[in-house]
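Some notes on the structure that comes next.
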There are 2 protein chains.
Amino acid sequence: MDDDAYPLGQSATVGADDIAAAWRRELPGVPTHSIPVVTPIWRLAKLLADDRRRFLADQGVDAATLDLISTLRRAGEPYTLSTRELAARCLVSAGAISQRVARAEKDGLVTRGPARGRPKTVPVTLTAEGHGLTDRLVGELLRREAELIGDGDHETLAAGLRELLAAVGARTAQ
Amino acid sequence: MDDDAYPLGQSATVGADDIAAAWRRELPGVPTHSIPVVTPIWRLAKLLADDRRRFLADQGVDAATLDLISTLRRAGEPYTLSTRELAARCLVSAGAISQRVARAEKDGLVTRGPARGRPKTVPVTLTAEGHGLTDRLVGELLRREAELIGDGDHETLAAGLRELLAAVGARTAQ
DNA sequence: CGGTGTATGTTTAGGTCTAAATTTAGATCT
DNA sequence: AGATCTAAATTTAGACCTAAACATACACCG
């Protein structure tokens, strides 16, 4: 019996070109030229995110919290942004920021001020502890990331990505 | 009073170059040359994933389930893979596959066979309903994706991404 | 001067993931 | 045969996210 007519055992690494070829075989006529661009982007994002998550877990921090405090740190003095502004810069929903801030506040990394101004606006400010933690982690993280992508020349790749991001951003903005 | 010394109101779109410049200003000496490559990759991945999630939500399907059934569909006859193999191809943990399969099985999209072979191996097979749903959705999804990235020539971008993925993959493999 | 509008922030319901603990079914050794 | 080993699968605990419902505060207008 051909008990091995389908792969139940060993795993094969499937590349983007294999995926595109498989769809052309299974669904002739469907456009597949986006696959060699989109698949590596998703895989790279996942590899980088996983690597960062594992490193941060060792330090007792989660990636969402680092994203929050490093956005505040990067903004410079006085290290304060509104919930709305944080949502826009972190690219997550306002609800997600509300939850992130609650966690970070419990850990003493940020403080929440009283609502103020026209539509009630809540200022979130980095504490000294949050400031120090951010500096320690971001330096190490950027050094790891620089090692991961290597020393080669990524000028043209960066330019291509910037252009694609602008195009996709324009077309997905409703 | 300078009540607007920090941006609590309107949101500015912050590009990768702004982020790199901010870190050079706030943390001199930290390497920032990975940022113009890594940031657009994360943002593109998020834009594409969000667009896909919204489209699928309208169809009553979630992205994780489509990833599962399209991986089985793409494998070709007899549309069967083990849990382990699915985890490797979908790039998620075995536990996540177990949960995805449980949901998809409840919806009648896949069936789980009895364990078999040396280390117990569970075959997961696409049903006729799952087969049809996949074909309907994948065609539409690839057409949307092709529109999003546009008609330009992405040959060199794809090559650069493939090369970077190989390099990062080699360096993150423990 | 009180209703209506509008933008913000918070809460909640539902769903996903990872890591770790647990279960399970053959293989192997004595 | 029985103990032990091993790899796979499942379960569970803990975190996170989005979308939608809800709460809030001020501006504006009739």
Specify the separation, in whole Å, of atom [atom1] of [X] and atom [atom2] of [N].
X	N	atom1	atom2	value
Leu56(A)	dA15(D)	CG	C1'	14 Å
Leu66(B)	dG15(C)	CG	C1'	16 Å
Lys46(A)	dT16(C)	NZ	P	16 Å
Leu81(A)	dT8(C)	CG	P	14 Å
Leu91(A)	dC17(D)	CG	C1'	13 Å
Glu105(B)	dT10(D)	CD	C1'	13 Å
Asp67(A)	dC16(D)	CG	P	12 Å
Glu85(A)	dT8(C)	CD	C1'	13 Å

Checklist line | Partners meeting side chain to side chain contact (heavy atoms under 4.5 Å, CB included) with Gln99(A) (sequence neighbours left out) | finding: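 In terms of side chain to side chain contact (heavy atoms under 4.5 Å, CB included), with neighbours along the sequence ignored, Gln99(A) is linked to Arg103(A).
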
Phosphate contact ([N] OP1 or OP2) by [X] side-chain N/O below 4.0 Å:
X	N	value
Lys106(A)	dA15(D)	no
Arg103(B)	dT16(C)	yes
Arg53(B)	dT16(C)	no

Check: For the helix from dC1(C)-dG30(D) to dT30(C)-dA1(D), what angle lies between the axis at the first five pairs and the axis at the last five pairs, to 10 degrees?
Finding: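 Inter-axis angle at the termini of the helix from dC1(C)-dG30(D) to dT30(C)-dA1(D): 10°.
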
Listed pairs under 3.5 Å, donor-acceptor, residues 29-37 of chain A side chains, sequence neighbours left out:
unit_1   : atom_1 : unit_2    : atom_2 : d
Thr32(A) : OG1    : Arg24(A)  : NH1    : 2.7
Ser34(A) : OG     : Glu145(B) : OE1    : 2.9

Note to self: Taking salt bridge (Lys or Arg N to Asp or Glu O under 4.0 Å) as the definition, give me every residue that meets it alongside Asp67(B), ordered by chain and number, with sequence neighbours left out.
What the structure shows: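 For Asp67(B) the salt bridge (Lys or Arg N to Asp or Glu O under 4.0 Å) partners, ignoring immediate neighbours, are Arg100(B).
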
Margin query: Please classify the nucleic acid contact of Asp62(B) as base, sugar-phosphate, or nothing, using heavy-atom distances under 4.0 Å.
Written below: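 Sugar-phosphate contact only.
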
Next item on the list: Would you name the heavy atoms of Leu81(B) and Ala75(B) that are closest together and state the gap between them?
Entry: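 Nearest pair, atom of Leu81(B) first, then Ala75(B): CD1-CB, 4.2 Å.
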
Margin query: On a heavy-atom basis, which atom in Arg74(A) and which in Ala22(B) lie closest, and how many Å separate them?
Written below: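 Between these two residues, the closest heavy atoms are CG-CB, 3.5 Å.
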
Only pairs under 3.5 Å count here: list side-chain donor-acceptor contacts from residues 132-143 of chain B, not counting sequence neighbours, and write none if there are none.
unit_1    : atom_1 : unit_2    : atom_2 : d
Thr134(B) : OG1    : Gly130(B) : O      : 2.6
Asp135(B) : OD1    : Arg73(B)  : NE     : 2.7

Would a distance-only check, ignoring hydrogens and angles, find a side-chain to backbone donor-acceptor pair under 3.5 Å from [X] to [Y]?
X	Y	value
Arg162(B)	Pro40(A)	no
Arg112(B)	Pro123(B)	no
His154(B)	Ile149(B)	yes

Distances under 3.5 Å between nitrogen or oxygen atoms of protein and nucleotides 10-14 of chain C:
unit_1  : atom_1 : unit_2    : atom_2 : d
dT10(C) : OP1    : Arg112(A) : NH1    : 3.1
dT10(C) : OP2    : Ser98(A)  : OG     : 3.1
dT10(C) : O5'    : Ser98(A)  : OG     : 3.3
dT12(C) : O4     : Gln99(A)  : NE2    : 3.3

